[in-house]
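Quick notes on the structure that follows.
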Amino acid sequence: MSASHFHKQFKNTLGILPIDYINSEKIKFSKKLIKSSQNLRMSEIVFQSGFNNTSYFNRQLKKWK
């Protein structure tokens, strides 16, 4: 299966693009970390959630509120 076919099938099945699905799962995980880990810095939560860039994380966090 080609990448473009996979993306089309994924979107038709779940209604969102694969990268949006992955980012939404990362954001869910980061929210759990924020609630459970009072002593972690935000940058640590960002990196533990799988994001490499804090500004990109902030944009995704706003998107998936």
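Under the 3.5 Å distance criterion, the side-chain polar atoms of K26 are matched with a main-chain donor or acceptor of G50. Under the 3.5 Å distance criterion, the side-chain polar atoms of S24 are matched with a main-chain donor or acceptor of Y21. Put simply, the side chain of N58 gets close to the backbone of T54: a donor and an acceptor are under 3.5 Å apart.
Between F10 and F6, the ring center distance clears the sub-6.0 Å criterion.
Going from atom OG of S37 over to atom CD of Q48 covers 7.0 Å, rounded to the nearest 0.5 Å. Here the CD1 atom belonging to I16 is positioned 9.0 Å from the NZ atom belonging to K11, to the nearest 0.5 angstrom. Taken to the nearest 0.5 Å, the OG atom of S55 stands 10.5 Å off from the CD atom of Q60.
By the criterion of side-chain heavy atoms lying less than 4.5 angstrom apart, applied directly or through intervening Ile, Leu, Val, Met, Phe, Trp or Tyr residues, M42 is grouped together with L40 in one hydrophobic cluster. Residues I27 and I22 do not share a hydrophobic cluster, defined by chaining ILVMFWY side chains whose heavy atoms lie under 4.5 Å apart. In the hydrophobic clustering of this structure, F57 groups with F29; members are Ile, Leu, Val, Met, Phe, Trp, Tyr whose side-chain heavy atoms approach within less than 4.5 Å, directly or through other members.
Contact annotation: the side chain of L33 never approaches that of E44 to less than 4.5 Å [non-hydrogen atoms, C-beta and beyond]. K8 is not listed as a side-chain neighbour of S4, based on a closest heavy-atom distance of 4.5 Å or more.
Each of N23, V46, L61 was compared with Y56 under the side-chain contact (heavy atoms from CB on, under 4.5 Å) criterion, and only N23 meets it.
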